[in-house]
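Following: one structure in structure tokens, then a few remarks.
Below, each value reflects all heavy atoms present in this structure, side chains not excepted, and no hydrogens, waters or symmetry copies.
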Amino acid sequence: MEMSTVRVLVVDDYEPFRRFICSTLGGKPELQIVGKTSDGLEAVHKAEELQPDLIVLDIGLPTLNGIEAARRIRKLCPKSKILFVSQESSADVVQEALGLGALGYVVKADAGSELLPALETVLEGRQFISSGLLGQHFTAGLGSRAFDRLYRNEPRLSLVPRNTEISRGHEVEFYPDDAAFVVGFASFIEAALQAGKAVIVVATESHCKSVLQRLQEHGGDIIAAIEQGRYLSLDVGDTLSTFMANELPDPVRFLRVVGDLIGAAARGTSGDTSRIAICGECASILWAQGRADAAIHVEQLCSKVTKRYEIDILCGFSLSSFYGEEDKQLFQRICSE
């Protein structure tokens, strides 16, 4: 059955993240962005005017917050499905959002890996909760069951290729602030360690300390992982100095340095390199220093590493580095890599 176009309204007051959402959706021809706005009250007006199939909605909005905007939108556009994408991770806030009848909630720190799966799930009329919120109990609003009845006979729109195994591979996540950065990296590391993998972390000293502290607070035996050689933490500045040459990463040095690190981590996995995960911010630091070409080259080299060793790599970026219109094309290049 031929799929119909899904009309989407994107609402987020942070321009770089709004561009990220639009860029992600733009890669899917089935999705048509019919409107964009940064203001809660304007979102209500646009929703009433456009009657979109899906609304991707932030919470921290000017004039009218996302929760109140959703409450009004549900009355004006009862057929529009709502997916919240917010940095708010409070259980009370999430429950309030879902209680209004929203079908999905994605924490921005996880949007890089979860936005498309969330869209697919919500468009199928099912509830999606960000992985960082799993373990908490949330009750869906009555609107969720109404959506199930209204849309149960519609053809399902697939945003993730079928008959393929979904794996992390080489991914990028964009974080609005340091707190979100720490949560994103810690979640990635926890999942990897729980799966029996070894993890290599390449970050600033402050991020390394904060991530380690969060891992300890969450009850995981991170000390044991360190002693077993399954958790290696390196300073990003020191690491960059080992492979940068003439303002660009030297491919030979980069692959040798990363290969040595993987070899060291593999000692904690009985030599199995496929059970290794890396999270780092080398490219983000280069980008923040205005060295965009170097950042792109690092991402390209990371893709080569994932193919050579069949490992998982997460590259973290601070959204504060993407603040002007002139960054748009470079931002999209990062997403493409």
Fill in: Worked check of side-chain contact (heavy atoms from CB on, under 4.5 Å) between Leu301 and Val258
CA-CA 10 Å; Leu301 290 169; Val258 176; over 6 Å; no

Fill in: CA sep, side-chain torsions, deciding dist, call: Arg291, Met244, side-chain contact (heavy atoms from CB on, under 4.5 Å)
CA-CA 12 Å; Arg291 299 153 79 179; Met244 293 296 293; 3.2 Å; yes

Discussion item. Please determine whether residues Phe20 and Tyr14 belong to a single hydrophobic cluster, defined as Ile, Leu, Val, Met, Phe, Trp and Tyr linked transitively by side-chain heavy-atom distances below 4.5 Å.
Written reply: yes

Worksheet item: Okay, side chain of Ser210, backbone of Ser206: is any donor-acceptor separation there less than 3.5 Å?
Response: yes

Item to complete: Indicate yes or no: does Lys46 engage Glu49 in a salt bridge with an N to O separation below 4.0 Å.
Response: no

Worksheet item: Is a side-chain N or O of Glu114 found less than 3.5 angstrom from the main chain of Ser131, in a donor-acceptor match?
Response: yes

Worksheet item: Do the side chain of Arg230 and the main chain of Lys197 share a donor and acceptor less than 3.5 angstrom apart?
Response: yes

Worksheet entry | Check: Ile222 and Leu193 side chains under 4.5 Å, non-hydrogen atoms | yes

Discussion item. Set out, in order, the CA-CA distance, both residues' side-chain angles and the distance that settles side-chain contact (heavy atoms from CB on, under 4.5 Å) for Leu215 and Tyr231, then state yes or no.
Written reply: CA-CA 11 Å; Leu215 291 170; Tyr231 184 84; 3.9 Å; yes

Discussion item. Under 4.5 Å between side-chain heavy atoms, counting indirect links through other Ile/Leu/Val/Met/Phe/Trp/Tyr residues: same cluster for Leu234 and Tyr309 or not?
Written reply: yes

Worksheet item: If you round to the nearest 0.5 Å, how far is CD1 of Ile313 from NZ of Lys304?
Response: 13.0 Å

Worksheet entry | Ser89 to Val107 - nearest heavy-atom pair and separation | CB-CG2, 4.3 Å

Discussion item. Testing Lys108, Arg18, Lys36 one by one against Asp12 for a salt bridge (charged side-chain N to carboxylate O under 4.0 Å, His left out), which residue passes?
Written reply: Lys108

Worksheet item: Are the ring centres of Phe185 and Phe188 closer than 6.0 Å?
Response: no

Item to complete: List the steps and the verdict of salt bridge (Lys or Arg N to Asp or Glu O under 4.0 Å) for Arg214 and Glu217.
Response: CA-CA 5 Å; Arg214 182 174 178 85; Glu217 291 173 349; 5.6 Å; no

Discussion item. So, taking the atom named CG in Leu83 and the one named CG in Leu115, what distance separates them when rounded to the nearest 0.5 Å?
Written reply: 6.5 Å

Discussion item. I need the minimum non-hydrogen distance between Val85 and Ala111, along with the two atoms involved.
Written reply: CG1-CB, 4.5 Å

Discussion item. Is it true that Thr63 and Glu42 share a donor-acceptor pair across their side chains at a distance under 3.5 Å?
Written reply: no

Fill in: Joint cluster assignment, Ile200 & Val236, ILVMFWY side-chain distance < 4.5 Å
yes

Worksheet item: Measuring from Leu31:CG to Leu123:CG, what's the distance to the nearest 0.5 Å?
Response: 7.0 Å

Worksheet item: Is there a side-chain contact between Trp287 and Val298, using heavy atoms and a 4.5 Å cut-off?
Response: no

Fill in: Nearest non-hydrogen partners of Cys282 and Phe243, listed with the distance
SG-CZ, 4.4 Å

Discussion item. How long is the straight-line distance from CD1 of Ile278 back to NE2 of His170, given to the nearest 0.5 Å?
Written reply: 10.0 Å

Worksheet item: Strictly under 6.0 Å, is that where the ring centroids of His207 and Phe181 end up?
Response: yes

Worksheet item: Under 4.5 Å between any side-chain heavy atoms of Cys279 and Val201, yes or no?
Response: yes

Worksheet item: Is the number of heavy atoms from other residues, nucleotides or ligands within 6.0 Å of CD (Glu205) greater than 12?
Response: no

Worksheet entry | Intermediate values then yes/no, side-chain contact (heavy atoms from CB on, under 4.5 Å), Ile223 and Gln216 | CA-CA 8 Å; Ile223 302 302; Gln216 292 173 321; 3.8 Å; yes

Item to complete: Of all the heavy-atom pairs spanning Ala198 and Gly229, show the shortest one and how long it is.
Response: CB-O, 4.5 Å

Worksheet item: Are side-chain heavy atoms of Glu96 and Glu88 found at a separation under 4.5 Å?
Response: no

Worksheet item: Do the side chains of Leu100 and Ile73 get nearer than 4.5 Å, heavy atoms only?
Response: no

Discussion item. Given 3.5 Å as the limit, does a donor-acceptor pair link the side chain of Gln51 with the main chain of Glu48, or not?
Written reply: yes

Worksheet item: So, the side chain of Arg7 versus the backbone of Leu50: is there a donor-acceptor pair under 3.5 Å, distance only?
Response: yes

Worksheet item: Rounded to the nearest 0.5 Å, what separation is found between the OG atom of Ser23 and the CZ atom of Phe17?
Response: 11.5 Å

Worksheet item: Any chance CD of Gln32 has more than 12 other-residue heavy atoms, nucleotides or ligands included, within less than 6.0 Å?
Response: yes

Practice prompt. Could you tell me whether the side chain of Glu281 and the main chain of Thr204 form a donor-acceptor pair under 3.5 Å?
Written response: yes

Worksheet item: Going by heavy atoms in the side chains, are Ile67 and Phe84 under 4.5 Å from each other?
Response: yes

Practice prompt. Search all heavy atoms of Ala266 against all heavy atoms of Ile276 and return the closest pair with its distance.
Written response: N-CD1, 3.7 Å

Practice prompt. Give the cluster check for Ile296 versus Leu248: same hydrophobic cluster or not, with ILVMFWY residues linked at side-chain heavy-atom distances below 4.5 Å.
Written response: no

Worksheet item: Are any non-hydrogen side-chain atoms of Cys208 and Asp235 less than 4.5 angstrom apart?
Response: no

Worksheet entry | Joint cluster assignment, Phe128 & Leu25, ILVMFWY side-chain distance < 4.5 Å | yes

Worksheet item: Do you know the tightest heavy-atom contact between Leu261 and Leu232?
Response: O-CD1, 4.2 Å

Worksheet entry | 4.5 Å side-chain heavy-atom contact, Leu64 and Arg72 | yes

Worksheet item: Should the pair Arg126-Glu124 be classified as a salt bridge under the 4.0 Å nitrogen-to-oxygen rule?
Response: yes

Response to the item:
Per side-chain contact (heavy atoms from CB on, under 4.5 Å), Leu61 is matched among Leu57, Ile59, Asn65 by Leu57

